[in-house]
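Below is one structure, written out as structure tokens; the observations come after it.
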Amino acid sequence: MTTAPWRDPALPAAARVDDLLPRMTLEEKTAQLYGVWVGASTDGDGVAPHQHDMTVDYEWDELITRGLGQLTRSFGTAPVDPALGAQALARAQRRITEAGRFGIPAVAHEECLAGFTAWQATAYPVPLAWGATWDPPLVEEMARRIGADLRSAGVHQGLAPVLDVVRDPRWGRVEETIGEDPYLVGTVGTAYVRGLESAGIVATLKHFAGYASSAGARNLAPVRAGTREFADVTLPPFEMALREGGARSVMAAYTERDGVPASGDPELLTGLLREEWGFTGTVVADYFGIGFLQTLHRVAGTPAEAAHAALEAGIDVELPSLKCYGDPLVEAVRSGEIPEELVDRAARRVLLQKCALGLLDEDWAPEPAAPVELDSTGNRILARRLAEESVVLLDNPDGLLPLAPDTRIAVIGPRAADALAMLGCYSFPSHVLTHHPGVPTGIEIPTVLDALRTELPDAKVTFAQGCDVTDPDTSGFEEAIARTAEADACVAVLGDRAGLFGRGTSGEGCDATDLALPGAQAELLDALVATGVPVVLVLLTGRPYALGRWHGRLGAVVQAFFPGEEGGPAVAGVLSGRVNPSGRLPVSVPQAPGGQPWTYLQPPLGLAGEVSNLDPTPLYAFGHGRSYTTFAWEDGTGGTEPAEIGTDGTYDVSVTVRNTGEREGAEVVQLYLHDPVASVTRPDVRLVGYQRVRLAPGDAARVLFRFHTDLSAFTDRSGRRVVEPGALELRLAASSADVRHTAHLTLTGPVRVLGTDRRLRCETEVSEVG
């Protein structure tokens with residue numbers, strides 16, 4: 001039997017697809033452009049917005065005779081034993097290949113924002129916690145493990161990472177982001193992409209673009225970002241993850257900017273993404289995003305018109321269903337309403353990706369090669385390390401921490417004894433199991449209370465909940481105050497409950513009116529402080545909350561952003577001193593709950609001044625974090641006389657960091673840029689480099705940043721990305737507000753216009769110092 005050219009793995013992928021595509025009918029081509037969500041509910045609440053009214057009924061056996069583009073969340077819709085789920089997915093793939101003329105399997109995709117969103121899979125810290133580690137290599141290792149678990153179960157594509165840059169911390173999806181700075185988001189997000197792609201999983205960048213800039217922090221609200229904010233804050237993390245990470249898929253955002261929905265924007269999805277950046281992978285819709293062009297945005301009158309707009313813009317795959325790219329698309333092409341060339345363009349991209357995944361090969365087999373284990377010992381060890389590195393010690397003014405091993409501790413608060421306090425909204429227990437009461441979580445998740453008892457076995461630990469996360473009822477205060485009065489120290493564990501669409505205080509569709517602690521938790525903290533017993537505030541949250549009300553009244557403040565299944569032991573380790581805290585804030589912590597939105601990337605008028613009585617200065621700045629050891633910053637590059645370099649030059653700035661304390665610890669050296677005068681207003685400071693350095697007591701290291709002038713570029717009034725001549729300052733700092741050394745530069749020469757080959761990263765070198 002002669003093998004058709006499209007089946008020949010020795011041929012280039014393009015030649016194989018060129019041979020296959022003309023053989024396919026219109027129905028077979030469009031079938032490659034949609035997914036189906038087996039088991040998705042068509043009534044009541046779901047795990048995606050408008051799931052109940054956007055899911056389309058279909059006859060499975062008839063549908064798959066055309067072939068199928070994607071299978072949606074076989075593991076992420078209901079609790080399924082991983083081994084049985086992998087077998088079921090393999091059987092479904094066999095049915096798909098046997099039913100269609102060409103025997104092409106579907107791409108199976110899953111969520112993997114904080115680990116594989118599947119029952120019994122490791123729940124890692126959320127992305128905001130990744131940002132708090134300032135440790136891209138560790139995040140890459142995590143993503144590689146997530147990718148291996150996905151592959152072992154028969155999954156091909158992961159819907160992560162989220163590269164939205166926080167613009168308003170009231171937004172419910174802050175927990176899904178990496179932080180409020182595009183350089184931090186870009187470098188950490190790119191590391192995640194590299195890890196996932198190295199395991200053979202297609203990484204999907206979310207949400208392209210501008211989703212986090214929605215007005216009033218409301219989910220899916222219009223985006224008010226201007227041209228320069230969009231170019232200089234929103235887009236750089238995506239560009240870095242594509243150019244340096246090699247991501248093979250991009251997900252279009254739900255939102256609209258200046259009247260144009262992202263899902264129907266050819267300038268964004270084709271002009272910028274493909275023609276300017278050179279992206280050759282697939283663009284997928286966010287769930288029901290194409291249908292939303294008709295129902296929410298009202299820029300299309302029918303599903304066929306929505307399909308036309310999305311295809312023309314550049315969306316190749318409709319997820320998670322076939323509402324628009326199914327029969328409505330076929331009928332519109334047949335009638336001449338939609339050019340078949342648009343279908344061919346999208347189908348070609350999909351088939352090229354399937355070819356790269358091996359799905360066009362005759363010897364492809366869907367059955368798992370090895371037993372499926374999604375929460376291995378290695379996973380848990382890595383989850384613990386990530387959690388430990390992500391915990392931020394915000395304050396410890398009198399050295400209350402670490403706690404004495406034999407002290408009396410009152411553990412108080414609604415997050416202390418709840419395992420779900422560790423998890424974000426895209427972890428399986430929070431995302432799916434709420435719809436399946438009675439089903440166990442499937443993984444071990446120690447609480448802070450249990451972990452602290454294990455960590456300090458000689459301490460006398462008592463507990464009272466005090467209040468609920470959101471309920472204003474204060475009837476539990478009396479017991480909490482009594483337990484605290486009997487103790488030497490109080491550990492108040494407060495924060496968020498992750499959920500979806502208003503069923504939590506953090507998560508998708510759980511936006512906040514302000515940054516006050518939810519429910520009666522602030523009043524509970526006031527009552528605990530009033531006892532006179534030293535209080536350690538432990539926050540388990542998905543966003544920063546205003547803490548100025550208690551500044552100077554607390555013994556210590558510890559911040560953890562949904563630290564995952566090993567978060568309880570990580571937090572307890574910080575409290576006991578077993579773990580020396582090394583996390584740094586990826587978002588600013590505000591003084592007061594109002595006066596928002598605010599992030600540290602502010603031009604002069606966004607800073608405190610005499611023109612307003614509101615002071616937006618944060619209580620704890622971006623990049624802030626304390627340690628149980630001390631560090632000296634010595635011999636920093638600087639001086640009063642500016643160094644001259646050309647607008648296409650480089651300059652090395654360095655500092656020696658020495659551990660002057662009595663225990664090993666990690667310092668995060670941060671490099672910020674200050675541009676005193678520019679042709680458009682610029683942020684007062686912005687991050688352009690950083691390096692995490694772990695040092696034993698007495699040891700020192702020289703940290704060198706090789707700054708290139710490309711990193712000073714910004715979008716000018718004409719829309720060009722330029723490097724301008726003039727003065728610059730490079731500030732070596734422990735946070736955006738804690739500058740240790742400053743180097744003064746003068747850029748000389750002409751204004752330089754940059755292209756897509758510009759440098760995106762500040763290279764660093766670390767060398768030992770004797």
Side-chain angles (χ1 to χ4, degrees), residues 13 17 32-35 37 68-73 76 104-113 116-117 127 143-144 146-147 150-151 154-164 176 186 189-209 211 235 237-254 262-263 265 268-270 272-275 277-290 310-311 313-321 325 345-360 426:
V17 174
Q32 295 298 315
L33 309 186
Y34 55 69
W37 195 346
L68 184 63
Q70 296 240 355
L71 279 167
T72 294
R73 296 182 65 176
I104 301 172
V107 168
H109 76 257
E110 296 285 344
E111 298 284 0
C112 55
L113 187 72
F116 184 179
T117 305
R144 189 176 296 113
I146 293 171
L150 289 164
R151 279 292 294 257
V155 177
H156 310 100
Q157 182 168 0
L159 304 187
V162 169
L163 297 182
D164 294 296
E176 300 179 42
T190 296
Y192 181 94
V193 169
R194 280 198 300 262
L196 206 63
E197 289 280 356
S198 71
I201 297 296
V202 175
T204 308
L205 308 183
K206 304 185 341 186
H207 305 86
F208 194 68
Y211 190 20
L235 294 177
F238 291 94
E239 185 177 4
M240 183 181 286
L242 291 172
R243 283 179 50 188
E244 298 187 3
R248 288 180 285 172
S249 189
V250 170
M251 176 179 282
Y254 283 131
S263 296
D265 188 352
L268 177 69
L269 300 182
T270 297
L272 175 69
L273 182 62
R274 295 193 182 276
E275 295 171 2
W277 288 357
F279 177 65
T280 59
T282 57
V283 176
V284 303
D286 205 342
Y287 282 15
F288 310 116
I290 297 175
L311 273 175
I315 293 183
D316 305 307
V317 180
E318 179 179 16
L319 296 181
S321 69
Y325 279 11
R345 183 178 71 170
R348 177 179 173 80
R349 293 167 181 162
V350 169
L351 291 170
L352 283 170
Q353 194 154 91
K354 286 193 172 186
C355 187
L357 291 168
L359 302 185
L360 302 189
Y426 267 80

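Only heavy atoms go into these numbers, but all of them, side chains included; no hydrogens, no water, no symmetry mates. Everything quoted here is computed from the prediction, not taken from an experiment. Throughout, residue positions are numbered sequentially from 1 according to the sequence presented.
No donor-acceptor pair closer than 3.5 Å links the side chain of Glu176 to the backbone N or O of Leu113. Checking side-chain atoms of Thr117 against main-chain N and O of Tyr426 turns up a donor-acceptor pair under 3.5 Å. Looking only at distances, a side-chain donor or acceptor of Asp316 sits under 3.5 Å from a matching main-chain atom of Val283. Put simply, the side chain of Gln70 never gets that close to the backbone of Pro320: no donor and acceptor are under 3.5 Å apart. Although no hydrogens or angles enter the test, the distance criterion places no donor-acceptor pair under 3.5 Å between the side chain of Arg194 and the main chain of Arg144.
Using a 4.5 Å cut-off on side-chain heavy atoms (C-beta onward), His109 and Thr204 make no contact. Asp286 has its side chain out of reach of Lys206: every pair of non-hydrogen atoms, C-beta onward, lies at least 4.5 Å apart. The shortest side-chain heavy-atom distance between Leu71 and Trp37 does not fall under the 4.5 Å cut-off. At least one side-chain heavy atom of Arg73 sits under 4.5 Å from a side-chain heavy atom of Tyr287. Counting only heavy atoms from C-beta outward, the side chains of Leu269 and Phe208 approach each other to under 4.5 Å. In this structure, Arg151 and Ile201 have side chains that are in contact, with non-hydrogen atoms separated by less than 4.5 Å. At least one side-chain heavy atom of His207 sits less than 4.5 Å from a side-chain heavy atom of Asp164. Side-chain contact between Leu272 and Leu235: present, with at least one pair of heavy atoms (C-beta onward) separated by less than 4.5 Å.
Between Leu311 atom CG and Glu318 atom CD the span is 9.5 Å, to the nearest 0.5 Å. Distance check: Leu205 CG to Glu239 CD gives 12.0 Å after rounding to the nearest 0.5 Å. Atom NE2 of His156 sits about 11.5 Å away from atom CD of Glu110, to the nearest 0.5 Å. Leu360 CG to Lys354 NZ: the interatomic distance, rounded to the nearest 0.5 Å, is 8.0 Å. For the atom pair Thr190 OG1 and Glu197 CD, the distance stands at 11.5 Å (nearest 0.5 Å). One distance of note links CD of Gln32 with CG of Leu68; it measures 7.5 Å at 0.5 Å rounding.
No hydrogens or angles considered: a donor-acceptor pair under 3.5 Å links the side chains of Gln353 and Thr282.
For Ala106 against Leu359, the heavy-atom pair with the smallest separation is O-CD1, 4.0 Å. Contact record, Ser263 with Ala313: O-CB, 3.8 Å, taken as the closest heavy-atom pair. Here the closest non-hydrogen pair linking Val284 and Ser249 is CG1-OG, 3.8 Å. Nearest heavy-atom pair across Ala247 and Phe279 is O-CE1, 3.6 Å. The shortest heavy-atom contact between Leu159 and Cys112 is N-SG, 3.9 Å.
Checked against the 6.0 Å centroid criterion, the rings of Trp277 and Phe238 do not qualify as a close aromatic pair.
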